[in-house]
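In what follows, a structure is listed as structure tokens, so that the remarks can point back to it.
All values below come from the heavy atoms of this structure, side chains included, with hydrogens, waters and symmetry mates left out. Positions are given from 1, in the same order as the sequence printed here.
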Amino acid sequence: MNATRTAREPEYEPTRTDRLLAALGGLISAYVSLAVADVVAARVRPEAGPVPAVGGAVVDRTPAGLKEWAIRAFGESDKAVLQLGILILLGLLALGVGLLALRHRPLGAAAVGAFGVLGALAAVTRPDSDSAVDAVPSLAGAAAGAALLYVLAGRLRTPRPGTDRADRRGFLIVAGSAGLAATGAAALGRMAGTPVQEHAEASRAALRLPRPDSPAPAAPPGAQLRVPGIGPFFTPNRDFYRVDTALVVPKVDADRWRLRLYGSGVRGERTYNLRELTARETVERDITLACVSNEVGGPYVGNARWLGVRLADLLREAGVRPPSEGGPADQLVARSVDGMTIGTPVEAVMDGRDALLAFGMNGEPLPFAHGFPVRMVVPGLYGYVSACKWIESIELTTFDAYDAYWVPRGWAAQAPIKTQSRIDTPRPFARPAAGTVMVAGVAWAQHRGIRRVEVRIDDGPWHDATLAAEDSRDTWRQWAYPWAATPGRHTLTVRATDGTGTTQPERRTPTMPDGAQGWHSVDVRVEAG
């Protein structure tokens with residue numbers, strides 16, 4: 001029996017080089033998977049791609065404190081940092097999957113497929129998803145990545161004929177060709193754009209803003225102080241802060257956009273398109289917006305000239321009455337196309353302030369990043385309880401019946417803007433020369449206005465700053481103080497008093513749950529002349 005037994009060839013054992021190549025194969029397979037998913041998402045819906053879908057799910061589940069830290073640490077780049085982190089994690093997992101496939105090809109390919117299923121589930125369960133088609137990008141990418149990994153692992157598992165070495169040359173040819181093809185396809189896809197984006201961009205380019213029936217008065221000549229280092233009174237659109245949860249900026253086709261108005265106290269559900277809104281009486285107003293995530297002295301505040309229609313007019317036409325007039329709803333829940341919900345007090349919208357459904361910003365249609373085609377703007381309230389971008393519906397309800405997106409995450413349901421002031425110049429740790437140094441900045445208390453700004457040097461007395469001309473109580477106000485600076489280290493502090501006579505408190509508080517407050521200070525070192 002032993003004489004007839006066929007001797008078995010020794011089992012092939014991968015070398016260290018083969019293992020390194022296998023890890024590289026996992027990484028390339030993951031890259032191809034993401035590239036294919038990106039190309040498919042461009043034809044389906046950009047937000048349905050695996051990275052935006054998974055990233056959105058991560059954002060929704062991130063504790064409020066961690067998100068606040070991310071905004072402080074990375075500013076408006078927090079979304080890019082999140083996506084980079086997701087890609088790094090996927091890359092590390094891909095290295096492991098590549099090594100797994102070297103030993104167990106079917107298991108390695110199945111692991112890639114499992115990641116695709118997770119991406120598909122994340123896509124179809126996002127609040128902005130309304131079709132199972134959103135699963136296609138992740139599944140298509142996973143299929144491509146799994147197939148490539150299976151082939152690459154096979155090249156390393158099967159020795160070349162007549163040798164005991166893996167087919168490394170074949171591995172490199174297949175891996176390189178797949179990587180180049182995926183890169184080219186992704187690049188062409190991005191250059192070509194997507195049908196959804198192209199239609200949205202064309203609709204914005206074609207939009208002609210109506211002349212305002214109630215134009216904003218020209219800003220007073222003295223509203224902009226001529227002090228080097230102070231920002232412009234009107235914040236350019238490109239510089240206006242952006243804080244939201246959208247990893248991919250929604251690009252909405254204005255021709256297909258609709259706004260639904262319904263809920264408690266509404267006399268018959270209503271639907272509006274953009275043409276109907278722009279044909280109404282239009283209002284132009286200068287309004288400063290501020291984010292609740294803005295730390296004392298922070299940058300997340302900006303002033304713009306907005307064009308739109310009064311939201312209160314639409315509500316009253318629909319039969320809505322504020323609580324002060326016996327209306328049943330005390331909360332207006334605005335919903336965005338990306339699934340965001342923002343709750344606003346009905347009383348604040350209907351108390352006479354210029355609460356707008358805005359479609360114009362600083363003389364042009366809203367930029368996509370700031371809510372095109374329509375967004376809410378309500379002076380006097382932080383953005384997370386008023387400034388819904390990419391709005392698609394408004395529901396009248398109560399605060400007891402519904403918690404908007406941020407409330408379960410630890411933020412207050414109602415959040416009027418707090419009185420704040422900021423030193424823009426000199427900058428922290430500046431080294432001005434001794435002599436007259438202009439200390440200047442901005443102060444804001446939207447819908448109350450700014451009555452007074454004071455500056456203190458070190459622990460000395462408070463000095464009144466010169467206030468710029470007031471545009472309206474809904475905009476910020478610039479201020480300046482000429483300081484006779486002496487050599488040495490100094491601390492400059494500012495505080496403001498709003499139109500009601502209330503001075504902002506000294507004690508600093510964090511942004512949660514309803515906005516930071518406290519005096520802003522900067523340290524400088526004055527050089528001897």
Side-chain angles (χ1 to χ4, degrees), residues 5-41 49-55 57-58 80-122 137-187:
R5 185 176 185 177
T6 303
R8 296 179 59 189
E9 296 181 3
E11 184 178 349
Y12 169 66
E13 181 66 28
T15 66
R16 180 181 179 184
T17 300
D18 294 337
R19 288 192 288 270
L20 288 174
L21 288 176
L24 176 63
L27 198 60
I28 292 175
S29 298
Y31 171 73
V32 169
S33 179
L34 290 177
V36 170
D38 191 47
V39 171
V40 176
V51 173
V54 172
V58 170
V81 172
L82 171 62
Q83 293 186 76
L84 178 61
I86 291 173
L87 291 174
I88 291 174
L89 178 59
L90 286 175
L92 294 175
L93 292 172
L95 295 174
V97 170
L99 291 171
L100 174 64
L102 185 60
R103 293 289 186 182
H104 306 282
R105 273 203 299 173
L107 196 56
V112 176
F115 286 123
V117 171
L118 288 176
L121 288 174
S138 291
L139 296 179
L148 177 61
L149 182 62
Y150 193 85
V151 171
L152 292 177
R155 294 287 183 175
L156 295 178
R157 285 172 54 86
T158 306
R160 295 175 61 186
T163 73
D164 61 353
R165 292 181 178 275
D167 186 6
R168 296 170 184 164
R169 183 171 180 272
F171 172 93
L172 293 174
I173 291 174
V174 173
S177 300
L180 288 174
T183 300

- Query: To the nearest 0.5 Å, how far apart are CG in Leu87 and CG in Leu34?
  - Reply: 6.5 Å
- Message: How close do Ser138 and Gly116 get, counting heavy atoms only, and between which atoms?
- Response: CB-O, 3.4 Å
- Note on the structure: Separation between CZ (Arg168) and CG (Leu156), nearest 0.5 Å, reads 8.0 Å
- Would you check, one step at a time, whether the test side-chain contact (heavy atoms from CB on, under 4.5 Å) holds for Leu21 with Leu102? CA-CA 10 Å; Leu21 288 176; Leu102 185 60; over 6 Å; no
- Note on the structure: In terms of heavy-atom contacts, Val36 and Ala144 come closest through CG2-CB, 3.9 Å
- Starting at CG of Asp167, measure out to CD1 of Ile173 and round the result to the nearest 0.5 Å. 8.0 Å
- Item | Residue pair Leu148, Val112: steps toward the side-chain contact (heavy atoms from CB on, under 4.5 Å) verdict | CA-CA 10 Å; Leu148 177 61; Val112 176; over 6 Å; no
- Item | Partners passing side-chain contact (heavy atoms from CB on, under 4.5 Å) against Ala175 (at least two apart in sequence or in another chain) | Ile28, Leu152, Phe171
- Note on the structure: In terms of heavy-atom contacts, Ala109 and Tyr150 come closest through CB-CD1, 4.4 Å
- Query: Nearest heavy-atom pair of Ala53 and Gly119: which atoms, and what distance?
  - Reply: CB-O, 4.3 Å
- Item | Non-hydrogen atoms of Ala101 and Ala153 that approach each other most closely | O-CB, 3.5 Å
- Message: Return the CG to CZ distance between Leu172 and Arg169, rounded to the nearest 0.5 Å.
- Response: 9.5 Å
- Please test Val40 against Leu139 for side-chain contact (heavy atoms from CB on, under 4.5 Å), starting from the C-alpha separation and ending with a verdict. CA-CA 10 Å; Val40 176; Leu139 296 179; over 6 Å; no
- Message: If only side-chain N and O atoms count, and only distance matters, is there a donor-acceptor pair under 3.5 Å linking Tyr31 with Thr183?
- Response: yes
- Note on the structure: So OG of Ser33 and CG of Leu90: to nearest 0.5 Å the spacing works out to 9.0 Å
- Task: Might you point out which heavy atoms bring Ala94 and Ala30 nearest each other, and give the distance in Å?
- Result: CB-CB, 3.6 Å
- For residues Pro137 and Asp38, determine if any side-chain heavy atom of one lies less than 4.5 Å from a side-chain heavy atom of the other. no
- Hey, what do you get for CG (Asp18) to CG (Leu99), rounding to the nearest 0.5 Å? 11.0 Å
- Message: Using the rule side-chain contact (heavy atoms from CB on, under 4.5 Å), only one of Leu93, Val32, Leu92, Leu95 pairs with Leu27; which is it?
- Response: Leu95
- Item | Candidate pair Leu82 and Val58, rule side-chain contact (heavy atoms from CB on, under 4.5 Å), full reasoning | CA-CA 9 Å; Leu82 171 62; Val58 170; 3.9 Å; yes
